[in-house]
Number of protein chains: 2
Amino acid sequence: MRENLPNTTLPLSTALISVDIVALRLSNGRLQVLTTPARHPKAQHDRALPAGRIDPDKDEQLEHTACRQLKLLTLAEPSWLEQVETIGNSMRDSRGWSLTVVYFALLRNEPALDSPDAQWLDVGTCCKLQLPDLAYDHQSLLQSAIERLCNKIQYTTLPLYLLPDTFTLSDIKEVFQGTLGKAPPMRSIRNRFADETVVTDTGEKRYGSNRPATLYRLKGDNRHRLFNRLYESTQ
Amino acid sequence: MRENLPNTTLPLSTALISVDIVALRLSNGRLQVLTTPARHPKAQHDRALPAGRIDPDKDEQLEHTACRQLKLLTLAEPSWLEQVETIGNSMRDSRGWSLTVVYFALLRNEPALDSPDAQWLDVGTCCKLQLPDLAYDHQSLLQSAIERLCNKIQYTTLPLYLLPDTFTLSDIKEVFQGTLGKAPPMRSIRNRFADETVVTDTGEKRYGSNRPATLYRLKGDNRHRLFNRLYESTQ
DNA sequence: CGAATAGTGTCTATAAGACAATATGCC
DNA sequence: GGCATATTGTCTTATAGACACTATTCG
């Protein structure tokens, strides 16, 4: 509550707060998560998710905290950032109540400077998860985030946020393959994504030893078009 | 992060933490939200969402905090409880960084004892929101929760959680009408919900001055069946 | 030309929605 | 029987997916 009472009238909540980030990218068709060294000596595993605390001097919003942590590890800008869940309980930290707000970020796989601390680890596909061992409860946070991704990929334009600035329709198919472990046929990809409201034709082609592929770009502002819900025509 | 370091090595985050609940029910076809008096004298409006702080002695999990707050206002058990989002920033509370975890609860509209502080206010439908004025930033939290509800109602079994223990298919249609402001035809409701994996036929009927309607019950464990995504047959 | 991948045409499957027809209780 | 609502049958529409066919580039 935010009743603006003087500090003395209400006990402050004393939980430790952190912001954890599950940053995912697709590298050579493999889904990968960004990790950082686990700094606590007693940690069971030596890699962990990027995490940090709110810095009241730097952060105005929770999202800023997430972005700031991310920026410490990679200069790549996330193409998508979304809150996944907040975990809070008295068990996960021996000091008492601890609370973490988990964000999930998608990065386009384009060259960007990573910190030496950063390490990208494969996570397998949704069909066949092969999660790396992570310190603390980070493996389960990672799993929640991947589940969210795999759900939303099926009915949103999220696949496009894992691709570079320009991409072909086949690239989209590879996103499905790399994340879900399976992909709809090209016909379906076309029906869904080759749509003026979703992408724009750049007019350019990608050449190989075959018929050139049309390069598309994600349509500016469209955040989150949904497919396959109740029909609009419903009275 | 939860590195179990001694308190002195890392600054603790000092944000105020609260848990706010958007509890919704359907009363005579109207969607309503549970409110409590806004206790702060400077609040712009005199009703607010139920909210409270983590009590380390009573709560092991964030969800417990939410349930505990709810129980202070009504003895009805929520049929559904889900975290919506966590809002954190430095603006919403004049004392500094403040953070709130927002839950949304669905209640079956059955007789239950409410506290005298409790008041149920109409919120309109998703098509035509008529949100009550609430103190603090609670109106915007309410709006987010209703948006979540209106989305999920369209592709999950959530409508069933706003209904009493037994219900007819027409009742389900009324849930759509009361929440979305529009409803699919009975044929679609039937196709979707009259399914052995979703509900069970109680064998009983509801009688009126017309053909009696079959009474169904929500099938036990099924949490959250999804409709209308990628087809299972996808290779 | 042939290999390889891009893109199209067309049919089927699934599920939503429109609408008409039928069923069954109460009065 | 007549009213009112429940339930079913059937057709249409929207979209996913299967699959075969055509197109275009490079070597």
Side-chain angles (χ1 to χ4, degrees), chain A residues 29 150-157 159 163 166-177 180-216 225-235, chain B residues 29 151-157 159 163 166-177 180-199 201-216 225-235:
Chain A
C150 286
N151 272 321
K152 290 189 98 164
I153 268 199
Q154 296 183 60
Y155 63 93
T156 67
T157 51
L163 290 172
T166 61
F167 50 84
T168 69
L169 294 174
S170 297
D171 291 342
I172 301 179
K173 183 162 179 176
E174 276 166 27
V175 175
F176 280 95
Q177 195 64 49
L180 299 180
K182 62 182 186 180
M186 277 309 297
R187 198 72 192 84
S188 304
I189 305 269
R190 271 206 126 65
N191 285 340
R192 182 172 282 202
F193 292 98
D195 179 319
E196 285 172 353
T197 67
V198 177
V199 298
T200 46
D201 187 333
T202 62
E204 315 217 325
K205 302 278 179 188
R206 179 188 296 163
Y207 293 87
S209 60
N210 48 32
R211 178 170 173 175
T214 306
L215 280 166
Y216 295 93
R225 157 136 183 220
L226 297 176
F227 302 101
N228 213 18
R229 291 276 176 92
L230 282 189
Y231 291 107
E232 295 298 326
S233 60
T234 305
Q235 290 162 1
Chain B
N151 272 321
K152 290 190 99 164
I153 268 201
Q154 296 183 59
Y155 63 93
T156 67
T157 52
L163 291 171
T166 62
F167 50 83
T168 68
L169 294 175
S170 297
D171 291 342
I172 301 179
K173 183 161 176 174
E174 276 166 27
V175 175
F176 280 95
Q177 196 63 50
L180 299 182
K182 61 183 185 177
M186 278 308 297
R187 197 74 194 86
S188 304
I189 306 268
R190 271 206 126 66
N191 286 340
R192 182 172 281 204
F193 292 99
D195 179 319
E196 286 171 351
T197 67
V198 177
V199 299
D201 187 334
T202 63
E204 314 214 327
K205 303 277 179 187
R206 178 187 296 164
Y207 294 87
S209 60
N210 48 31
R211 178 171 174 176
T214 306
L215 281 166
Y216 295 92
R225 158 135 181 220
L226 297 175
F227 302 101
N228 213 17
R229 291 277 176 90
L230 281 189
Y231 292 108
E232 295 300 324
S233 60
T234 307
Q235 289 163 0

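This structure is a prediction, so every number in the text was calculated from the model and none was measured.
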When the distance from [atom1] of [X] to [atom2] of [N] is rounded to whole Å, what number comes out?
X: A/Leu215; N: D/dT24; atom1: CG; atom2: P; answer: 17 Å
X: B/Asp171; N: D/dT5; atom1: CG; atom2: P; answer: 13 Å
X: B/Lys205; N: C/dA23; atom1: NZ; atom2: P; answer: 15 Å
X: A/Phe193; N: C/dA6; atom1: CZ; atom2: P; answer: 16 Å
X: A/Phe227; N: D/dG17; atom1: CZ; atom2: P; answer: 12 Å
X: B/Lys182; N: C/dG17; atom1: NZ; atom2: C1'; answer: 12 Å
X: A/Phe167; N: C/dT5; atom1: CZ; atom2: P; answer: 21 Å
X: B/Ile189; N: D/dA6; atom1: CD1; atom2: P; answer: 12 Å

Of the options [options], whose atoms approach the side-chain atoms of [X] most closely?
X: A/Ser209; options: D/dT24, D/dA6, D/dC26; result: D/dC26
X: B/Tyr207; options: C/dA6, C/dC26, D/dA18; result: C/dC26
X: A/Asn210; options: C/dA16, C/dT5, C/dA6; result: C/dT5
X: A/Asn191; options: C/dG17, D/dT7, D/dA16; result: D/dA16
X: A/Arg190; options: D/dA4, C/dG7, D/dA16; result: C/dG7
X: B/Pro185; options: D/dT7, C/dA18, D/dA16; result: C/dA18
X: A/Ala213; options: C/dA4, C/dG7, C/dG25; result: C/dG7
X: A/Arg211; options: D/dT7, D/dT25, C/dA6; result: C/dA6

Inset, instruction - Quick one: list whatever passes side chain to side chain contact (heavy atoms under 4.5 Å, CB included) with B/Asn210, sequence neighbours left out. - result: none
Inset, instruction - Please identify each residue that fulfils side chain to side chain contact (heavy atoms under 4.5 Å, CB included) with B/Arg187, with sequence neighbours left out. - result: B/Arg190, B/Asn191
Inset, instruction - Determine: side-chain N/O of B/Thr214 to OP1/OP2 of D/dA6, distance under 4.0 Å, yes or no. - result: no
Inset, instruction - Report yes if at least one side-chain N or O of B/Ser188 is closer than 4.0 Å to OP1 or OP2 of C/dA16; otherwise report no. - result: no
Legend entry - Pair of N/O donor and acceptor under 3.5 Å linking C/dG7 base with A/Arg187 side chain: no
Inset, instruction - Anything under 30° is parallel, anything over 60° is perpendicular, the rest tilted; go ahead and classify A/Phe227 against A/Phe193. - result: perpendicular
Inset, instruction - Using a heavy-atom cut-off of under 4.0 Å over every strand shown, decide if B/Thr168 touches base, sugar-phosphate, or nothing. - result: nothing
Legend entry - Flag side-chain contact, heavy atom, 4.5 Å: A/Thr214 against A/Lys205: yes
Legend entry - B/Thr202, B/Val199, B/Val175 screened by side-chain contact (heavy atoms from CB on, under 4.5 Å) with B/Phe167, the one that passes: B/Val199
